[in-house]
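The structure under discussion appears below in the form of structure tokens.
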Amino acid sequence: MTGEEPLLTAVGLHKAYGPTAALGGADFSIRHGEIVAVMGPSGSGKSTLLHCLAGIVVPDSGSVTYRGTELTGLPDARRSELRRTDFGFVFQFGRLVPELTCLENVALPLRLGGARRKEAEAAAGEWLERLEVAGVARKRPGEISGGQGQRVAVARALVTSPRVVFADEPTGALDSLNGERVMELLTDAARFTDAAVVLVTHETRVAAYSDREVVVRDGAARDMATIR
Amino acid sequence: MSIGHTLLGLLETGPRHGYDLKRAFDDRFGHDRPLHYGQVYSTMSRLLKNGLVEVDSVESGDGPERKRYAVTDAGVTDVREWLEKPEKPEPYLQSTLYTKVVIALLTGRDAAVLLDTQRAEHLRWMRDLTERKRRGDLADQLICDHALFHLDADIRWLELTAARLGRLAEEVRK
């Protein structure tokens, strides 16, 4: 690990949904280009931690700092913009737009950022090729397999060259072989673009693709790299 | 692993010298633990004595004689029987990890830290194997997967035990 400043840091995050505490003082940090697995039992607060880090959810207390900017204090519109320009997302079930072709899905984040159709689709095409799914470019999400859909989702997450990719159980709906290939492609692509990856997973075999592991238990995060 | 059966199986594909046998074994199965020459020759003497192999030819040159071994019919039968018989699954009922957890609880030490330390060590191994798998060929991938699935099972056990530590502490201190 380098002595470089963390890219994204969270300190003392608390978040409750009604009477249920999801996070109870979680700390987290990730460096440029690092792949960190967030593990923990179901309901431990892993996904809430990811949502707070990505600025999707505002914590009740605590701070999230991204490249020197405190996210929790930013207005919604600014946080949305940041998610579009600097962050990429991969979810358990691709969450592709069913009405668009796979190529249009991957080009979408670029189009939303103001890119022209031709350039956006050319970049999307390259990413589909890198993810070994160039053949599904003209198909709609309903016409492709789960494994292909996840690769398209990874392409969509990386097409904007984000600094941080948030992956929430990216292989959760795939069989072992497909899950493994998606992890290889996701981590290769992240290394290629020098993106950091926050990888939420309950599967140790998936976590083994990371550089470091953080375990969330009862809403508190513990960095396993400090355990010797 | 049964080295004798493995060498017999390799010989079934054609007669070989002791050195070739060692090389074939190491290429396919000896990734972490290559065979010693001594092991090959002691195994071949045993197989010869039991009539499972025979000396096919002897070459004498400047150095020591080089024997070429061939499998016998009895040897082929032995390989077939070995392949047909399922291996006994290892039930791991004498787990060192379980013993350590109980001793930690009995002596008032922090068993949760022990479990976390072990988990971190297991994951370190899993990372190394995952990396080796990415760089390796299909044989490497299958060998690493076998180890990865076992380490994964261990980690599940470590997690379950961590979740039951309170109850286990009450039981062992009764």
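Below, all heavy atoms of this structure are taken into account, side chains as well, without hydrogens, waters or symmetry copies. By convention in this document, chain letters (A, B, ...) are assigned in the order of the sequence lines, proteins followed by strands, and residues within each chain are numbered from 1.
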For chain B, which residues of residues 199-211 of chain A have heavy atoms nearer than 4.5 angstrom:
A:Thr204, A:Arg205, A:Ala207, A:Ala208, A:Tyr209, A:Ser210, A:Asp211
Around A:Glu129, counting heavy atoms of other residues, nucleotides and ligands shown, do more than 12 lie under 6.0 Å from its CD?
no
Compare all side-chain heavy atoms of B:Asp116 with those of A:Arg217 and state whether any distance is below 4.5 angstrom.
yes
For the atom pair CD (A:Glu213) and CZ (B:Arg124), what is the distance rounded to the nearest 0.5 Å?
10.5 Å
Please identify, among B:Glu131, B:Arg119, B:Glu159, the residue contributing the most non-hydrogen atom pairs under 4.5 Å to chain A.
B:Arg119
Does atom CZ of B:Arg173 have more than 12 heavy-atom neighbours, drawn from other residues, nucleotides or ligands, at distances under 6.0 Å?
yes
Quick check on the interface: out of B:Glu121, B:Arg156, B:Lys133, who has the most heavy-atom pairs with chain A under 4.5 Å?
B:Lys133
Would you mind checking which part of B:Asp128 comes under 4.5 Å of any heavy atom in chain A, side chain (CB onward), backbone (N, CA, C, O), both or neither?
neither
Can you list the residues of residues 164-194 of chain A that sit under 4.5 Å from chain B, counting heavy atoms only?
A:Glu180, A:Glu184, A:Thr187, A:Asp188
Go through the atoms of B:Leu123 and report whether side chain, backbone, both or neither lie under 4.5 Å from a heavy atom of chain A.
side chain
